[in-house]
Amino acid sequence: MFQKVADAEFIKGEHDVLKFWTERNIFARLQRQIAGRKPWSFIDGPMTANNPMGVHHAWGRSYKDVFQRYRAMSGYDLRYQNGFDCQGLWVEVEVEKQLGLGAKSQVEAYGIDKFAHECKKRVLKYAAIQTEQSIRLGYWMEWDDPAQLRKLAEAIGTDEVVSFTPPKRPDEVLRDKAEAIVARLGNPDWGGSYFTFSTENNETIWTFLKKCFERGKVYRGYDVMPWSGRGGSAYSQMEVADGRKLTVHRSAFVRFPIVKKVDDRTDQSDPSDSPQSPLTNEYLLIWTTTPWTLTSNVAAAVNPDLDYVKLKAKRDGAIYYFAKDNLDFQRLATEFKDGFGREEWSWPKSVPKLKTLSQIFKENGGFDIEGTLKGAEMVGWEYAGPFDDLAAQSAPGGVPFEARVADKTGVACHRVIDGGRDFKGSANVVAGEGTGIVHIAPGCGDVDHVLGATAGIVGIAPLGEDGCFLEGFGEFTGKSATDPATADLVFAKLKEKGLLLNVEQYPHIYPHCWRTGDELVFRLVDEWFINMDWREEIMGVTDAIRWLPESIQGGEREREWLTNMRDWMISKKRYWGLALPIWVDEDESVPWTDPAKFEVIGSLAELKQRALDGGAGWDEFEGHTPHKPWIDKVKIRSPKTGNLMTRVQDVGNPWLDAGIVPFSTLGFNTHPDLWQKWFPADLVTECFPGQFRNWFYSLLSMATMMGSDKSDPEEKKPFKTLLGHRLVMNEAGKPMHKSDGTAIWFEEAAEQIGVDTMRWMYLQQNPASDLRFGTRHPDQPVTLQTPNGPTDRTIDGVPTNLVTSTPADETRRMVLIPLWNSYAFFVNYARLDEFDPTAPLVPVASRPEIDRWILSNLQALTTGMRAALDDYNTPEACRLAAAFIDDLSNWYIRRNRRRFWRSKDASDTDKLAAYQTLYEVLVTVTKLLAPMMPFLSERMYQNLVRSPETGVRGQESEGKRQIDAAVLAFNPQPLTLNLPESVHLCDYPDADAALLDTDLNARMATAQVVVALGHKLRDMADQRVRQPLAELRVSSSDPAARDAIERLADVVREELNVKQLTVVESLADIVKYTYKANLKTLGPKYGKLLNVLREKLPTVDGKLLAPLRVGESVTITLDGHEITLAPDDVQVGTEQAPGWVSGDDRGIQLALSTSLTPSLLREGMARDFIRQIQQLRKDANLEIENRIRVSYSTTEPEVLTMFTEWCHLIQGETLADSLTSSNAPPEDAKPVNIGDCKVSVWIEKV
RNA sequence: GGGCGUAUAGCUCAGUUGGCUAGAGCGCAGCUCUGAUAAAGCUGAGGUCCGUGGUUCGAAUCCACGUACGCCCA
């Protein structure tokens, strides 16, 4: 027996289903059910286990779940492994905050071992939280028990022996120290989520790095990186982007005295100037926003193609050289007006508008232009640096010493160089903001560094790890680069030397440390790199992958990145992360050019062997994970020098951790058979912004290197298809921020919007565009009703707030509610009629056309859903499903309601057919929707399929909550029909070709067109639908359309409430036809004649064209041209005629009679009356099966006539035992309009 | 500065190989329907298809230039 269905209560229903899945262990049963089938391999991109989930995480996870559920229902085996990203600076930062450690040095004081333990604990804590949140999303993965993860977190760093039951071995209890267990989480024998801090993951990266080393790609190099003095760390570009702020710096125009004008290209002296004696009073004009870098100036760069002016200042007769365009250039003119691109970045009020250079010179006594020259002519000129008195400027080989320039000093390098071009061919030096002459400090800037290396000049790197000047910089030594006092000192010195032209306030967007808020500096650092000169190999692999959605051209984006990227910097001077397996011979007599200077170790086994075989420290390491500080104890001995080699202090880039996952988690080193089975992944799906140069990049390059022994990119590729999606925004399309309280936490959305609804929102969204999800109201706290009871705080203690979402409301209204109502309609009538789903089926062929139609549509839906999901096109799947639900609810059920209302009659096969049809449709739809809407489909399935079978009896009189719970609380009775216990254990439906009838679908579509047009005509004629009309005439030149309407005449008649429907050859007697040229078909045939045709065709005598309406061709003469028109070549329309309204749509012409007889009017009144009674029944909250007595009071004779004529129908329709006239209406009698007459009515329940 | 992309109704977006009456949903107004429906249906108002030029019988669509915005790179 079906359980009565009442209000949907979607969110509470989800809680019930979660409980049901857990209690009945449905997911584990699914795993058993699919084990051993052909694999469908999915690899999860690890999520940083560092914070609770927000709604933005749920988008990708919805895809992941949908495709996995779909494949499981479609006969595949799956791994269901979630991943957590566990290492790297993000975790360190949060742990630092947690421990109140402000700087790098404090971490060391705290103890790196304790710090590493805290990082592990934090990761486990948030892994547990994210696991719980994912479960709430209905995301089916082989989850670790969150309680066990928390227990492990607690025991990290202690010697306590912990018991642990892995997901794949529910009957075993392992006992070990927490660290030992944690190091092995997610291994193929245990199952559960993978953690990138696992020993297997780290060790597989060693495998990768060893391969790189063997191919000679690993090297140590210098680079200038954004650096945080307090953080003691270099920052990647991504991190820098996070911390950009509008900052006002003092920028300076500074002049460098020219010493010698030599043409570098010919190395010949310029004959116009004396080469021997130093020039006096001629200067290069440069400009900088970072005065401290002037201490380390080495060269000045120009653009050889640019025009430069020679300007003479009147005040002192000094000659200045700078780019001609800069003389009158309005610097930051747009920014002054419009700000710097963000609301909070408007021009600072305290900063005056910038002056042009000509203004500056005018204010200083005026100037004359003495000539212009090309930048090329200046290349090679020598000048005196602004701080040549500093010791560092005279250090041979630069600071730090570099052998390649051992014979040079900073001072000796001061000359004008060609600024060159970047890899795209754009000039590095351009006119505009500065002076067209760029001060180059190779130790202080990125471009400078590259340029310095190419130009063969020394570098001077002035700053230590703390961001302060090193020894050798005179008064500057010990001062912080970012301290304004340092800039003061620079300006004072320059003034002293007469080199300072002008200082101004200059606002710009400058990188800041996103942790401490301090300004970053550019600092020369030594780091480890992978030489990426094998990028072509990676591009080959890239091309072997399908990138979705196509519109974002992911493959090309990836290619572009691969083309432009620099060598991969894999090191970071921090504590918590992959231990780079690089051991270095620290003996300074071994030069870095010696290949034996360092070694990369490929595995722990290799390390152990090397350590025991002449090395040291293995004992101290053993029993720990290969992390700092423990791994650093291990030393190996250099086979060449016999020295002990020490591991580099650095940890690894976290993208190594994530990129190795297709190897580490699939057991490349440990379970080759598994790896063979599951590699490559069929699908990878992630939020794409940023990932082309992060995860996708690391996946592709690591897989390419791991597959070095193979030549075919197909064999190397780590995944076959990538599905990317964009970002979640608020409803206004703006980013949501944690800091201002607009970021929506996962549980806030889940418990206010509902997970089925959220999933649908994600799935129907075009993945190429941002999703406008909804809005969090930071000022409106709410209490959430979670599965674990009410709460007003998130897991991190943040108050939970109101979330509103128009798209969610729309989704619910358009999809979930109509589906639920269709289901409720069926169930509630099926209960009354005691419909038995196991009864013998009425053959489909003998069911009415509309039944065959919905079943045929169902097959089309099935085929379409499968195709869409196979193609990873969820928006298409959602569109199809929503369209079907609309057809089901607003056409099939609406059209067929009366078939369900008829009184019980065992021999009523038409009614049985209706039930069986609707039942079949609903059950199939629950399966089709199960992957996308797992909760609602489960509830429907349980009631539709499981309750008749198990015979659960609901308590109708009790609240709906108990009823739902009764459905979902499993019944221990044996399953008589052997139907799967959960919709998610079912097979995904296959279309039954025998039931698909595309002609029928087309016919019904035609009928729907006629009905829509008919409704429009009624509206035009001002005739309500309840008023029956005498006749509808339909005509079309298309025989298929005529046939469709004839066969579905009953549907159309009923829907439009007309007595008679006639399909006629012609409406000529009641309407006037109009004919218009169909440009699409006529254009190619007649070309320029088309305009004549277009204008004249409507004026041609209708009789000549009439045959077109019945599908015959016509030849006419227009402007002397003979023209043959096929039926397709004209569009036939209609115009009004008296007594009829007419219209046309898609080649079908309709005429609706509008003349009313008294008899028709009375029937309309009867329909009005029925409607009013039904409304009274509803207002009185009567059950649909309750019987009533109806009384009325009226003086209108026409109404009385109507009652005698129609009382039988009225009583039947309203379940009225009596229909009585009375002259004493009670007070609550309802005055209503019946046609044009007034009547009072009242009802009472029998 | 360079590359890529986008620009269509108040809002969010469709718009196929070019076809003239440019659509949908939401919102707004009116009407209708309702014995599952929190709905739904119909109608209406609302468009310089970013601008300019070109190709074509015909351009939202193709081409060129420009403008604005977004993303990536620098």
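Sequence lines set the chain letters: A, B, ... in the order given, protein chains first and strands last, and positions in each chain run from 1. Heavy atoms only: backbone and side chains are in, while hydrogens, waters and symmetry mates are out.
- B/C65 and B/G5 have their P atoms separated by 14 Å, given to the nearest Å.
- At a threshold of 4.0 angstrom between heavy atoms, the contacts of A/Gly1014 with the nucleic acid are absent.
- To the nearest angstrom, C1' of B/G1 lies 14 Å from CG of A/Asn326.
- Both A/Asn1186 and A/Gln1023 lie near RNA chain B, and the one whose nearest nucleotide falls closer to the 5' end is A/Gln1023.
- On the C1' atoms, B/G47 is 16 Å away from B/C20, given to the nearest whole Å.
- Taking atom C1' on both nucleotides, B/U8 is separated from B/G23 by 10 Å, rounded to a whole Å.
- Taking side-chain N and O atoms only, A/Arg1026 has a distance below 4.0 Å to OP1 or OP2 of B/C33.
- Of the C1' atoms belonging to B/U12 and B/U6, the separation is 15 Å, rounded to the nearest Å.
- Comparing the P positions of B/A60 and B/G51 gives an interatomic distance of 10 Å, to the nearest angstrom.
- Nearest heavy-atom pair across A/Leu562 and A/Met565 is O-CG, 3.6 Å.
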Could you list the protein-to-nucleotides 22-28 of chain B atom pairs, N/O on both sides, closer than 3.5 Å?
from: B/G25; atom 1: O2'; to: A/Glu810; atom 2: OE2; distance (Å): 2.5

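- With B/A40, B/U34, B/A36 as the choices, the nucleotide that has an atom nearest any side-chain atom of A/Asn821 turns out to be B/A36.
- Contacts of A/Leu1215 with the nucleic acid, taken as non-hydrogen atoms under 4.0 Å apart, include base atoms.
- Evaluation of the side chain to side chain donor-acceptor pair (under 3.5 Å) rule for A/Arg1177 yields no partner, not counting sequence neighbours.
- One interatomic measurement links the two molecules: CG of A/Leu832 to P of B/A36, which rounds to 11 Å at whole-angstrom precision.
- With a 3.5 Å limit on both pairing distances and Watson-Crick or G-U wobble geometry required, the stems of 3 or more pairs in RNA chain B span B:1-7 with B:67-73, B:10-13 with B:23-26, B:28-32 with B:40-44, B:50-54 with B:62-66.
- With sequence neighbours excluded, the residues that form a ring pair (Phe, Tyr, Trp, His ring centres under 6.0 Å) with A/Phe773 are A/Tyr762.
- Using a distance-only test at 3.5 Å, with no hydrogens or angles considered, no donor-acceptor pair links the side chain of A/Arg1171 to the main chain of A/Ala1166.
- With respect to A/Asp809 and A/Arg812, a salt bridge is recorded, a charged nitrogen being found less than 4.0 Å from a carboxylate O.
- Taking the six-membered ring where the residue is Trp, A/Phe696 and A/Phe692 present perpendicular rings, their angle passing 60° and hence far from 30°.
- A/Glu1163 has no carboxylate O lying under 4.0 Å from a charged side-chain N of A/Arg1026, or vice versa, which leaves the two without a salt bridge.
- RNA chain B is contacted by both A/Lys1016 and A/Ser889; A/Ser889 maps to the nucleotide lying nearer its 5′ end (nearest heavy atom per residue).
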Just distance, no hydrogens or angles: give the donor-acceptor pairs under 3.5 Å from side chains in residues 1008-1016 of chain A, sequence neighbours left out.
from: A/Gln1008; atom 1: NE2; to: A/Asp887; atom 2: OD1; distance (Å): 3.3
from: A/His1015; atom 1: ND1; to: A/Val1011; atom 2: O; distance (Å): 3.4

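- Residues A/Phe826 and A/Tyr919 place their aromatic rings such that the two centres sit under 6.0 Å apart.
- Between A/Phe835 and A/Tyr829, the gap from one ring centroid to the other reaches at least 6.0 Å.
- Using a cut-off of 4.0 Å between Lys/Arg side-chain N and Asp/Glu carboxylate O, A/Arg1189 and A/Asp1217 are scored as not salt-bridged.
- The pair A/Glu876-A/Arg879 meets the salt-bridge criterion, with a side-chain N (NZ, NE, NH1 or NH2) lying under 4.0 Å from an Asp/Glu carboxylate O.
- A donor and an acceptor atom never sit less than 3.5 Å apart when one is taken from the side chain of A/Arg897 and the other from the base of B/U34.
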Nucleotide by nucleotide, nucleotides 7-15 of chain B touches protein heavy atoms under 4.0 Å in the pattern (B base, S sugar-phosphate only, - none) -----S-S-
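- Note: CG (A/Asp1168) to P (B/U32) measures 10 Å, nearest angstrom.
- Using P as the reference atom, B/C26 and B/U43 are 14 Å apart when rounded to the nearest Å.
- Atom pair A/Asn694:CG and B/C72:C1' shows a separation of 13 Å (rounding to whole Å applied).
- Ranking B/C42, B/C33, B/A39 by closeness to the A/Arg1024 side chain, first place goes to B/C33.
- Between B/C42 and B/G27, the two P atoms lie 15 Å apart (nearest whole Å).
- B/C62 and B/G15: their C1' atoms are spaced 16 Å apart (whole Å).
- As judged by a 4.0 angstrom heavy-atom cut-off over every strand, A/Ile1170 is placed among residues making no nucleic acid contact.
- For A/Asp446 and A/Arg566, the salt-bridge test passes: some basic side-chain N is under 4.0 Å from an acidic carboxylate O.
- Computed from coordinates, the A/Arg895 CZ to B/U34 P distance equals 11 Å when rounded to whole Å.
- Considering only side-chain N and O atoms, A/Tyr829 lies under 4.0 angstrom from the phosphate OP1 or OP2 of B/A36.
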